[in-house]
Amino acid sequence: MEIAKTYDPKTTENKWYSHWLAKKYFRSVPDEREPYTIVIPPPNVTGVLHMGHMLNNTIQDVLIRRARMLGKNACWVPGTDHASIATEAKVVAMLKEKGISKTDLTREDFLKHAWEWKDKYGGIILKQLEKLGASCDWDRTRFTMEDDLSEAVIDVFIDLYNKGHIYRGVRMVNWDPAGLTAVSDEEVIHKEVNSKLYYIKYIIIDKDENIDLNDEATVNRKLETGNFITVATVRPETILGDTGVCVHPDDERYKKIKGKFAVIPFVNRKVPIIFDDYIMMEFGTGALKVTPAHDINDYNLGIKHNLAVIDTLNPNGTMSDAAGFYIGKDRFEVRKQIVKDLEAKGHIAKVEDYKNKVGYSERTNAVIEPRLSMQWFLKMQDISKPALDNVLNGNIKLIPDKFINTYKHWMENVHDWCISRQLWWGQRIPAWYDDKGNYVVAKTEAEAITKFKTHNSQLTTQNLKQDEDVLDTWFSSWLWPISVFDGFKNPDGKDINYYYPTNDLVTGPDILFFWIARMIIAGYEYRGEKPFENVYLTGIVRDKQGRKMSKQLGNSPDPIELIEKYGADGVRIGMLLCAPAGNDLLFDESYCEQGRNFCNKIWNAFRLVKGWSIDEKLTQSKGNKTSVEWFEARLNEQINLIDDLYDKYRMSEMLMTVYKLMWDDFCAWYLEMIKPDFVDGNPQPIDKKTYDSTIVFFESLLKIIHPIMPFISEEIWHLLKDRKEGDDIIIASWNKTSAINNSLLNEFELASNVVTEVRNIRKSKNISPKEKISLFQKASNGENKSAFDDIIIKLCNLDKLNTTKEKVENAISFVVKQIEYFIPFNNSIDINAEIERLQKELDYTQGFLKSVMIKLSNERFVANAKPGILDNENKKKADAEARIKAIEEVLSSL
RNA sequence: GGGAGCUUAGCUCAGCUGGUUCAGAGCAUCUGCCUUACAAGCAGAGGGUCACAGGUUCGAACCCUGUAGCUCCCACCA
């Protein structure tokens, strides 16, 4: 059978994925085995796969597949997130294209459209994950807005409310006057812009004084006599909402106006002058106009000093009736106009150019206005305590641990969590209001009525209204590790008891607070136990220039296209190659190319082995015996290393170790060592013993690569030999190691150095690899045979490898460790070049010896260094001296 | 403004308790090879004042101090 020269992923991927599904290998149900559990960070239900998903799902699949091979009951729970904001935005956009405005629809109609949308596009992303090879238990697929999970969310809300952790309060939201909605902080883009800082004079009057600003004579007299205070602002239109002027209590300039009042231009409003150390005396004039309705800091000042709140903006960004002037005009128009009008009345002191940051809506690009609104909050102080403690004490590990600092800082300064969103797509807040604004929190309207009736027997359903808002999406995803196992519905269920706490969570550090910290909080609050043991934090995938991948930039490759181009295994390698834990990764397609090449290398190793014919009668040569013994030692050594790296979550190092074990040790050395020769153009057979060992090695290697490259490993596993039904690599046992022959590994080290030296000399002397040469190795006793001699002969294409007591004339020489080697060379040898080469070696070694001697002659080093270190230095000294002696001997012979 | 982190080869990064020939790996580069598994390959080579300046130590890429540059998080100052 002819085997293709290159590995073709297309023919294998669907085949094996369907096979695994059919065999239900991904399925997990509780049993007596140790569980190994990962819950997927649920992607947005209507989203499509991007590079970030590729990265963290590859890592999750690697972990889950290895756990499965380790004999654990591996359970990877997939699912999707309803993603209130993103999904609602998509549905709104879709409706808009159809000419439907959200405001024209009832809540019920809108939700109908939204569910249709979800049913149509939801789950595409999960289908895409299959292409990657993700071995999720698809029977367990959950959705954060399915009935059970929504019910859990509502129950948790009610429970936390009853415990006194949830309250209503006013909060400044980012209002998008174009989109007519509040947007989250994450959807606000701050840009630095050139604006103007206006200095505006406010007349000062006494407590019992009144003034009419239309009375020009009085105003001018006040201004001329210095009875005014100058404030600076970039938003002069907000003065219509001013209800105070604030200065620093220590500011000498303003001590004399204590107890006085300022008059707001235009509106003629008399407002108090307040003193607060929030003020920075150096900024502007050291006096701040306070507009509680339109600035969060001003709002806080207002609460502290009991100032009125006047909301001067309509939702669409025009001036409201409450503003009193310019009603119905857009705020930017008003800004220009009010400056002119103030100027005319002599209220403008000066105008400066000024750079400041302005927030823009990501979606509409409108300038965001801070706006007050009533929201629901979760008090974080008390319930977050165990979540902080258990990360600090190592009960939950963050990998890499540098994130502990960030986590600690955030948790120690934790803010109350605003959990309400002005959206329809999500879990509706279970609060019910009567027409006076009284409310109760209840699971159903009926319950709400009952609750109300205990206070007011007159109430009926007609007067009750449920809160219009929904809960923040994170308020459902923070329950994810519990709710996917029905831990709320059935708190003592088989699943939750078996799988919880889960083992590893793999996600990005950008949601450390949004999601990870909150899952930990919920875990302790509702299970009294952590939700996971380890959090593996990947980096953010960026492009080669370090920019975030985004649709706008168009710098994000389509993962599915990558898979088609390089194969799923190739792309998985590509992701892992550039993904050190916690560091952002600069993705480039060439990594996938490298991954594809690696697949091909493995494929060709298989092709080579498969092409050999076996001669059962042939006895195993000494060289082959040594080769097999060496590779076995090497393999065991590397498996131990790989296991250790897995345990430490050093994924990129683990990958590199696997890569080099396969490519360098197995393909470049081992297979070359045992590869049968050709005689007269005919390939020779291999002995059965060596062949069998090689197959066993190949199987071990395939098992090692399986978690990383599931498809090619399964394919070759089955092509390598006939297998019984159900003998699939995906469920094969992970390699166990045995004792390692270290002296053989050391001998190989020497032999491989000799081979490299000989090849190097061949190249520098232009000796063709086909031309046989001789090699002499010097040994005082004339023996010094190595198990690797036959291998050196083969790999160097020698006609003989002899031992000699004396140096060899007319030869090129080199020194490996302390041993001298000679290659007789008939053509004239460039003595000078030889001397130069050896002299360089000698200089280096002598320099090295010198540094060792300095240490050893240093009494304080000898006194202070640990014994092992000292022994080492002595050994280094002896080795270097022997080497110098060897080189000098060769040199003197020249 | 507050906090955290980073700076090692052309690129991406390892370097774990300060001490193995410690200055590494992969990629890229250069040179020679279409050698009967693989040119998506083989063989070989070159490449770094470990950001900079001090300090501690017998000994520093590693610990301390300062400086410069970069990144992220939080609060964002009228």
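Residue numbers begin at 1 in each chain, while the letters A, B, ... track the order of the sequences.
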Check whether any side-chain N or O of [X] sits under 4.0 Å from OP1 or OP2 of [N], and answer yes or no.
| X | N | result |
| --- | --- | --- |
| Tyr659(A) | rC27(B) | yes |
| Ser590(A) | rA28(B) | no |
| Asn405(A) | rG5(B) | yes |
| Lys5(A) | rA39(B) | yes |
| Trp663(A) | rC42(B) | yes |
| Lys855(A) | rG19(B) | no |
| Asn604(A) | rA40(B) | no |
| Arg607(A) | rA40(B) | no |

Write down the distance separating the [atom1] atoms in [N] and [M], rounded off to the nearest Å.
| N | M | atom1 | value |
| --- | --- | --- | --- |
| rU49(B) | rG24(B) | P | 14 Å |
| rC34(B) | rG26(B) | C1' | 26 Å |
| rU8(B) | rC70(B) | P | 14 Å |
| rA28(B) | rU12(B) | C1' | 11 Å |
| rA25(B) | rA39(B) | P | 26 Å |
| rU7(B) | rG15(B) | P | 10 Å |
| rC13(B) | rA75(B) | C1' | 33 Å |
| rG19(B) | rG3(B) | P | 31 Å |

On RNA chain B, check which nucleotide each of Lys648(A) and Lys770(A) is closest to and give me the residue with the more 5' one.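 Result: Lys648(A).
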
Could you pick out which residue, Thr406(A) or Met656(A), lies toward the 5' side of RNA chain B when each is mapped onto its nearest nucleotide?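 Checking each residue's closest nucleotide, the 5'-ward one belongs to Thr406(A).
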
Write down the distance between [atom1] ([X]) and [atom2] ([N]), rounded to a whole number of angstrom.
| X | N | atom1 | atom2 | answer |
| --- | --- | --- | --- | --- |
| Asp510(A) | rC72(B) | CG | C1' | 11 Å |
| Ile602(A) | rG41(B) | CD1 | C1' | 15 Å |
| Leu537(A) | rG5(B) | CG | C1' | 14 Å |
| Met853(A) | rC58(B) | CE | C1' | 15 Å |
| Glu771(A) | rG32(B) | CD | P | 19 Å |
| Leu795(A) | rA43(B) | CG | P | 10 Å |
| Ile540(A) | rG5(B) | CD1 | P | 18 Å |
| Leu870(A) | rC58(B) | CG | P | 16 Å |

His409(A) backbone acceptor or donor facing Asn413(A) side chain under 3.5 Å: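 Yes.
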
Backbone of Arg235(A) reached by a side-chain donor or acceptor of Thr233(A) within 3.5 Å: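 Yes; at least one donor-acceptor contact below 3.5 Å.
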
Shortest side-chain distance from [X], nucleotide among [options]:
| X | options | answer |
| --- | --- | --- |
| Val234(A) | rA4(B), rA78(B), rG32(B) | rA78(B) |
| Arg860(A) | rC76(B), rG44(B), rU57(B) | rU57(B) |
| Asp664(A) | rA14(B), rU57(B), rG26(B) | rG26(B) |
| Lys763(A) | rA37(B), rG32(B), rC16(B) | rG32(B) |
| Glu672(A) | rC38(B), rC74(B), rA78(B) | rC38(B) |
| Phe513(A) | rU36(B), rC58(B), rC73(B) | rC73(B) |
| Arg759(A) | rG26(B), rA4(B), rA43(B) | rA43(B) |
| Asn597(A) | rC38(B), rA40(B), rC77(B) | rA40(B) |

Below 4.5 Å, heavy atoms only, C-beta onward: do Val755(A) and Trp669(A) meet side chain to side chain?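 In contact.
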
Per the atom types in the model, does the base of rC38(B) pair as donor or acceptor with the side chain of Lys601(A) at under 3.5 Å?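 Flag set: donor-acceptor pair detected.
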
Between rA28(B) and Gln594(A), counting only base atoms on the nucleotide and side-chain atoms on the residue, is there a donor-acceptor pair under 3.5 Å?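 No.
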
Would you call the rings of [X] and [Y] parallel, tilted or perpendicular, where under 30° means parallel and over 60° means perpendicular?
| X | Y | result |
| --- | --- | --- |
| Phe666(A) | Tyr670(A) | parallel |
| Phe814(A) | Tyr821(A) | parallel |
| Phe514(A) | Trp474(A) | parallel |

Under a plain distance cut-off of 3.5 Å, with no hydrogens placed, do Thr238(A) and Lys289(A) share a side-chain donor-acceptor pair?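 Yes - a donor-acceptor pair under 3.5 Å links their side chains.
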
Going by atom types only, do Tyr278(A) and Asn300(A) share a side-chain donor-acceptor pair under 3.5 Å?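 Looking only at side-chain atoms, Asn300(A) and Tyr278(A) do not form any donor-acceptor pair under 3.5 Å.
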
Atom CD1 of Ile712(A) and atom CG of Asp8(A): how far apart are they, to the nearest 0.5 Å?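 Reported to 0.5 Å precision, the distance equals 10.5 Å.
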
Option passing side chain to side chain donor-acceptor pair (under 3.5 Å) with Tyr566(A) (candidates Glu589(A), Arg572(A), Gln594(A), Glu593(A)):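 It is Glu589(A); the other options fail the test.
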
With pairs taken as Watson-Crick or G-U wobble and both distances under 3.5 angstrom, which stems of at least three consecutive pairs involve RNA chain B?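 Stems found: B:1-7 with B:68-74, B:10-13 with B:24-27, B:29-33 with B:41-45, B:51-55 with B:63-67.
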
